[in-house]
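Working notes, structure below.
Keep in mind that what you see is a predicted model, and the values were worked out from it rather than measured. Within every chain, numbering begins at 1; the chains are lettered A, B, ... in the order of the sequence lines, protein sequences first and strands thereafter.
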Number of protein chains: 2
Amino acid sequence: MATTTAGQRREQAKRDYDAFLAGCPTRELLSTLTDKWVALLIPALAGGPQRHSELARRIAGVSQKMLTQTLRTMERDGLLTRTVTTSVPARVDYQLTPLGHDLFPVMVAIKTWAETHMDRVFQARTQFDTRT
Amino acid sequence: MATTTAGQRREQAKRDYDAFLAGCPTRELLSTLTDKWVALLIPALAGGPQRHSELARRIAGVSQKMLTQTLRTMERDGLLTRTVTTSVPARVDYQLTPLGHDLFPVMVAIKTWAETHMDRVFQARTQFDTRT
DNA sequence: CAGCATCCTCGGAGATACTG
DNA sequence: CAGTATCTCCGAGGATGCTG
């Protein structure tokens with residue numbers, strides 16, 4: 001029988017992995033998670049499946065290359081699924097997995113934090129730049 | 001008299017700023033927040049003031065240049081304060097501001113998420129890489 | 001100890017053009 | 001429409017050496 005609960009396995013993971021350590025694989029995962037486009041894509045996809053072109057329009061300024069590249073990385077890491085509908089023209093839908101959706105609160109928190117505290121940061125910058 | 005509450009001002013900010021827009025200044029702030037070293041520095045500083053060398057040791061693998069550079073940006077954005085104690089040798093302490101501390105829950109959430117779900121991501125990668 | 005200046009390199013990321 | 005391939009370039013970021 002299984003003698004470990006999900007909670008215990010999570011505890012185990014937190015003991016084994018430490019992003020403060022240089023060699024830890026979480027360091028590299030952290031690099032993926034702390035990506036501007038990931039922080040925008042997760043909230044953008046939270047409402048449901050989106051097509052490539054829809055995402056490109058929603059997330060203004062992202063190049064086609066970066067969008068495809070970021071989506072591919074996220075798919076590989078199990079954050080979203082890519083569904084191809086063969087037709088002319090082709091149609092591809094991206095949808096968050098439960099794992100990806102689990103990341104939603106965190107990502108939306110960063111995005112919202114930036115939008116909410118932008119003014120305060122501007123104040124701080126002005127003060128910093130005009131210090132004697 | 002002031003007719004707007006802090007809550008209303010926050011609402012105002014959320015209406016004015018939208019990180020989905022390319023020209024929005026929050027896009028650039030988001031770039032700063034979604035930085036690997038920021039995600040590690042905030043949790044590292046949460047316990048109290050830390051010296052430059054202490055941080056360098058705690059956050060393994062960070063170069064001296066990147067550490068100074070990241071700390072400077074965070075100082076400019078009002079996330080932390082830099083206190084110099086003139087002595088020989090010099091001593092510099094970094095401490096989170098209330099604004100920076102406000103970011104702590106978010107940053108620690110990302111770091112913890114990575115540490116907690118590393119195994120699941122590994123599984124997803126293996127499955128992705130061995131797909132036919 | 002903290003941090004600036006300099007040099008150098010590697011790859012992140014845009015632009016463009018082409019395919020299914 | 002979605003994606004790949006190629007070329008190019010700029011700058012992030014490491015290494016080293018010097019200063020207060």
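Both tests do not hold together for A:Arg125 against A:Phe128: distance to the six-membered ring centre under 6.0 Å, angle to the ring axis within 45°. Under the 6.0 Å distance and 45° angle rule, A:Lys111 does not count as a cation-pi partner of B:Tyr17. Figure legend: cation-pi geometry between A:Arg51 and A:Tyr94 absent, as NZ or CZ is not positioned both under 6.0 Å from the six-membered ring centre and within 45° of its axis.
Side-chain atoms of A:Arg27 come within 3.5 Å of backbone atoms of B:Ala60 as a donor-acceptor pair (strictly under, hydrogens ignored). Formation of a donor-acceptor pair under 3.5 Å by the B:Asp77 side chain with backbone atoms of B:Leu79 is not found in this model.
Protein chain B contacts DNA chain C over a range whose 5' and 3' limits, counting nucleotides with an atom under 4.0 angstrom from a non-hydrogen atom, are C:dC1 to C:dC4.
Closest heavy-atom contact between B:Val62 and B:Ile59: CG1-O, 3.1 Å.
Within residues 19-31 of chain A, no residue has any heavy atom closer than 4.0 Å to DNA chain C.
Note on ring orientation: taking the six-membered ring where Trp is involved, the planes of B:His117 and B:Trp113 are tilted (angle from 30° to 60°).
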Base-contact (B) and sugar-phosphate-only (S) positions in nucleotides 2-20 of chain D, heavy-atom cut-off under 4.0 Å, - elsewhere: SBB--------BB-----B
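Put simply, CD on A:Gln95 and CG on A:Leu45 are 9.0 Å apart, with the number rounded to the nearest 0.5 Å. If you take CG on B:Leu80 and CD on B:Gln50, they are separated by 12.0 Å, rounding to the nearest 0.5 Å.
Side-chain contact of A:Thr73 with A:Gln69: a donor-acceptor pair under 3.5 Å is absent, judged by distance alone.
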